[in-house]
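The structure appears below as C-alpha cells.
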Amino acid sequence: MTRILRIFVSGDGAAKALGADRVAEAFAREMAARGIEAPLIRPGSRGLVYLEPLVEVETDQGRIAYGPVSARDVAALLDGRLESHGLTEKIEALASQTRMTFARCGRIDPLDLAAYEAEGGWRGLEKAMALDPESVVAEMTASGLRGRGGAGFPAGIKWETVRKAEGGQKYIVCNADEGDSGTFADRMLMEGDPFTLIEGMAIAARAVGAGKGYIYLRSEYPDAIRVMREAIGHVRSAGILDRAGLAFDIELRVGAGAYVCGEETALLNSLEGKRGIVRAKPPLPALAGLFGSPTVVNNVLTLAAAPAILADGAESYAGLGAGRSRGTVPVQLSGNVRRGGLYELPFGVTLGALVDEIGGGTASGRPVRAVQVGGPLGAYFGPGDFDLPFTYEDFDAAGGLIGHAGIVVFDDTVDMLKMARFAMEFCAVESCGKCTPCRIGAVRGVETLDRIAAGDEEAVTLLTDLCATMRAGSLCALGGFTPYPVLSALERFPEDFTRRREAAE
Amino acid sequence: MPETGHRPSAAAIRDLAEEHMGREGALLPILHAVQARYGHVPEEALPVIAEVLNLSRAEVQGVVSFYHDFRDAPAGRRVIKVCRAEACQAVGAEALAAQLLERAGIGWGETTPDGALMVEPVYCLGLCACGPAALVDGVPRGRLDAGALEALLNGEGQ
Ligand SMILES: Cc1cc2nc3c(=O)[nH]c(=O)nc-3n(C[C@H](O)[C@H](O)[C@H](O)COP(=O)(O)O)c2cc1C
Ligand code: SF4
Ligand code: FES
C-alpha cells in the first residue's frame, strides 16, 4: 500500500452506534504496531449509513473508502487485505448527489476551524457583512429557500418580517428538535459540520439585527450536543464573529423529550422555561417570539443552507430544483431499506427513484409495501405513488407532505392498521393538551382502531369523522395532521382494515 | 455519574439552581442539572428551585411533569431507552422491545425489583437508518438484535 497520509474513521452518532469507536481504537493499536504514523481523524458522516462505520484511507491517490468496517477488519485493512469501495468520491451514491448544505459533512474534522476555513467556511458570512442587511435578505429571498423544518415557509420572507420589526433585542432561534421518525439530517450536520450552522445563524443575525441566538437541541442527541457545544466554544474563543464585526452570541439549550417542542411556539415556551404548550398565532414569532421579541425560528437545515447561498449567490441555489421547490433537499432514507442514509439532491427526483434506485429497495429483500414520507404526521404511500416527484407541491397535491424529508420504508410484512394506531397513540402521548380534538381525539382514535381491528366495520366511519374533527379543531399540526398517516393508511391499504374480520369468519 | 439514591440537601439544590439562575429561561437548564446529578428530580427540590426563580411550586411541578425526560423517582442502575418510532418498527423494534421487557419482567417505564434495569420508550434517536436503535445508559446503539440484547442483559458494557 502506498504511504498513508491520513485515516478517517467516521465519528458520527450512527457510526458510533455501530461500533466506530472500537474501530478507531483498533486503528490506534494496529497503526502503532506497524509503525504507521498518520493522523487519525474522526469526521462526521458522508451520509451513507449502510456503509457505516466508514473508514477512509488517504494516500496521494486520494481517499479510499472501506465499510462497513469492524474492529476485527482493521489489521487486514492496514495490510491491504480488505476489499475497498475505491475512491470515496467515485462511489456512485455520493457522486450522484448535489452537495451544498452537506458539502463538508463527513470530509473534515468537524471541530477543526482551520479545515472549515480551508474548505470555504466563513465566505458566506464575509459576504453578508459586506452587504447591507436588506441585501442579505434579498439574496435569501431570491434563492427560493423554503423552511426545511416541515412547513416550507419561504426563509427570506420570514427574515424580512423580523428585519423590519421594531424591537431592541431580536433573536435567532435554531430549531434542532428534529423529532420526526426517519429524519437525522439535522443531527448529521450538527455532528459533522457544526460551524456551518453557526455561520448560518450569524448570517441570519446580520440580516435581521439579532444579538442573541439559541440552538434548541433535543436531548436524544448526546453526540450532537457535545459537538455543537464544543463548536460554539471554539468560535467564541477564537473571536470569529467579533472579528467579522458581528455582535452575536449563541447558546445551546437542551430539550427534555417532548415532540411537540419542535413546534416553533412550543419551542419558544420551552426556551422560556415553561411547559411546551403551543401558542395561538398571531402574534407571529417573527413579531413577538422569544420573550415577546422579534424572533427568527428556523430549522437547522434552513440556517445551514444560508452560507452557501450567500457565498455562491442566490442563483446557484435557485437554479436547482423543480417548480416552487428550489435548491437541494437532504433526503433521508430509513427503516427497512437496503441503502439507508442521507442523500442531498435537487428537488424533483421521483419517490420511486429514491426508494428503489437510491435506496435499493428493502433491506429484507421483500417487496416494498408502504413508505411514510415526512415523519409521524406524514402520509403513507405505496408503490403506486412512486412516480410522484419529491417537491412540496407534488406531495401536497397527493394528500401528503415532505416535512423534514424523511422517507421510512416498510416491506410487505407491515400491518397498516397497526401503523395507523401508532400514529394516534403517538399523538396522544405527545399532545401538548391545549385542544380537545387532539388530546381526547387521539385517545378515541386508538380505541376506534382497536374496534376496527376487532372486526367492527362501522367504526371506520367513526374514524373518518374523528379525523375530520382533529383536522378542523386542532391548533397545530400534531393534532391537525395526525389524520394524514391514519387516513392514507386506510385509503391506500383498506385490506388491512378488514382482514381480521375475514380471518375470523 | 449521577449520585443516584442520595437525598439531596436543600443547600445543594440551591447551589445548582443558583449556578443557572442568571440565564434567560433558567428552569430547564436547572432541572437538567438536578437530574444529571441525582438521576431524577426529587420532590424536595421543587420548592427550592421555585424560590430561587421566584415561581410557584405548582409552576415548577407543571414543567417537570410536562417533559418526558424528567423522572420523579430514581432510575434503575442501567437505563435502556428503546426507540419505538416508525423507522425502527419497520425493522422489528417492537418485537425486540417486547422480548426485552419480557426477559426483564417489567413494562415500559418500569424498573426491575432489584433496581438493576429500567426500560423506557423513546421516539426516534436519529439512528433510523440503522435501527432497531436504543440509548443504553446514554450511549447510542444501532442494529440491535436478540443477541445484542442478551449481551446487554448479561451486563456487557457495564
Ligand atoms: C408537532 C410539530 C413538530 C415540529 N417539529 C419540528 C422539528 O423538530 N424541527 C423543525 O425544524 N420544525 C419542526 N416543526 C415546524 C416548526 O413549527 C416550524 O415550522 C419550523 O421550525 C420553522 O423553521 P423553518 O421555516 O426553517 O422550517 C414542527 C411542527 C409541529 C406542528
Ligand atoms: S393540536 Fe395537539 S399538540 Fe397542537 S396545540 Fe392542540 S393539543 Fe397541542
Ligand atoms: S425511528 Fe428509531 S431511531 Fe429514528
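Labels below follow one simple rule: chain letters A, B, ... track the order of the sequence lines, proteins then strands, and each chain is numbered from 1.
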In terms of heavy-atom proximity below 4.5 Å to chain B, should [X] be classed as side chain, backbone, both, or neither?
X	answer
A:Leu48	neither
A:Val429	both
A:Glu251	side chain
A:Glu425	side chain
A:Asp180	backbone

For each of [options], tally heavy-atom pairs with chain B at distances under 4.5 Å, and name the one with the top tally.
options	value
A:Met188, A:Gln372, A:Arg253, A:Lys16	A:Arg253
A:Thr183, A:Val49, A:Ile407, A:Thr362	A:Val49
A:Ala256, A:Gly273, A:Gly257	A:Ala256
A:Ser181, A:Ala258, A:Ser364	A:Ser181
A:Ala224, A:Gly13, A:Gly255	A:Gly255
A:Val337, A:Val254, A:Leu342	A:Val254

Ion pair present between A:Arg218 and A:Glu178, side-chain N to carboxylate O less than 4.0 angstrom?
->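 Salt bridge flag = no for A:Glu178 with A:Arg218.
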Please, which pairs that meet ring pair (Phe, Tyr, Trp, His ring centres under 6.0 Å) have at least one residue in residues 76-130 of chain B, sequence neighbours excluded?
-> A:Phe426-B:Tyr123
Residue pairs fulfilling salt bridge (Lys or Arg N to Asp or Glu O under 4.0 Å) with at least one residue in residues 38-48 of chain B, sequence neighbours excluded =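 Found B:Arg7-B:Glu44, B:Glu43-B:Arg57.
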Testing [options] one by one against [X] for a side-chain contact (heavy atoms from CB on, under 4.5 Å), which residue passes?
X	options	result
A:Leu478	A:Cys432, A:Cys427, A:Pro376	A:Cys427
A:Tyr214	A:Thr295, A:Asp249, A:Leu271, A:Leu268	A:Leu271
B:Ile30	B:Val48, B:Val60, B:Leu53	B:Leu53

Counting only heavy atoms closer than 4.5 Å, note whether B:Leu135 contacts chain A via side chain, backbone, both or neither.
-> side chain
Sort B:Val63 into side chain, backbone, both or neither according to what part of it lies under 4.5 angstrom from a heavy atom of chain A.
-> both
Dump the intermediate steps for salt bridge (Lys or Arg N to Asp or Glu O under 4.0 Å) on A:Lys212 and B:Glu24, then the final yes or no.
-> CA-CA 11 Å; A:Lys212 172 100 196 185; B:Glu24 293 180 319; 5.2 Å; no
For A:Arg275, does the CZ atom sit with more than 12 other heavy atoms under 6.0 Å from it, leaving out its own atoms?
-> no
Most chain A-contacting option - heavy-atom pairs closer than 4.5 Å, from B:Cys130, B:Pro29, B:Ser65 |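 Option with the greatest count: B:Cys130.
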Quick one: are the ring centres of B:Phe70 and B:His40 less than 6.0 Å apart?
->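 When the ring centroids of B:Phe70 and B:His40 are compared, they turn out to be at least 6.0 Å apart.
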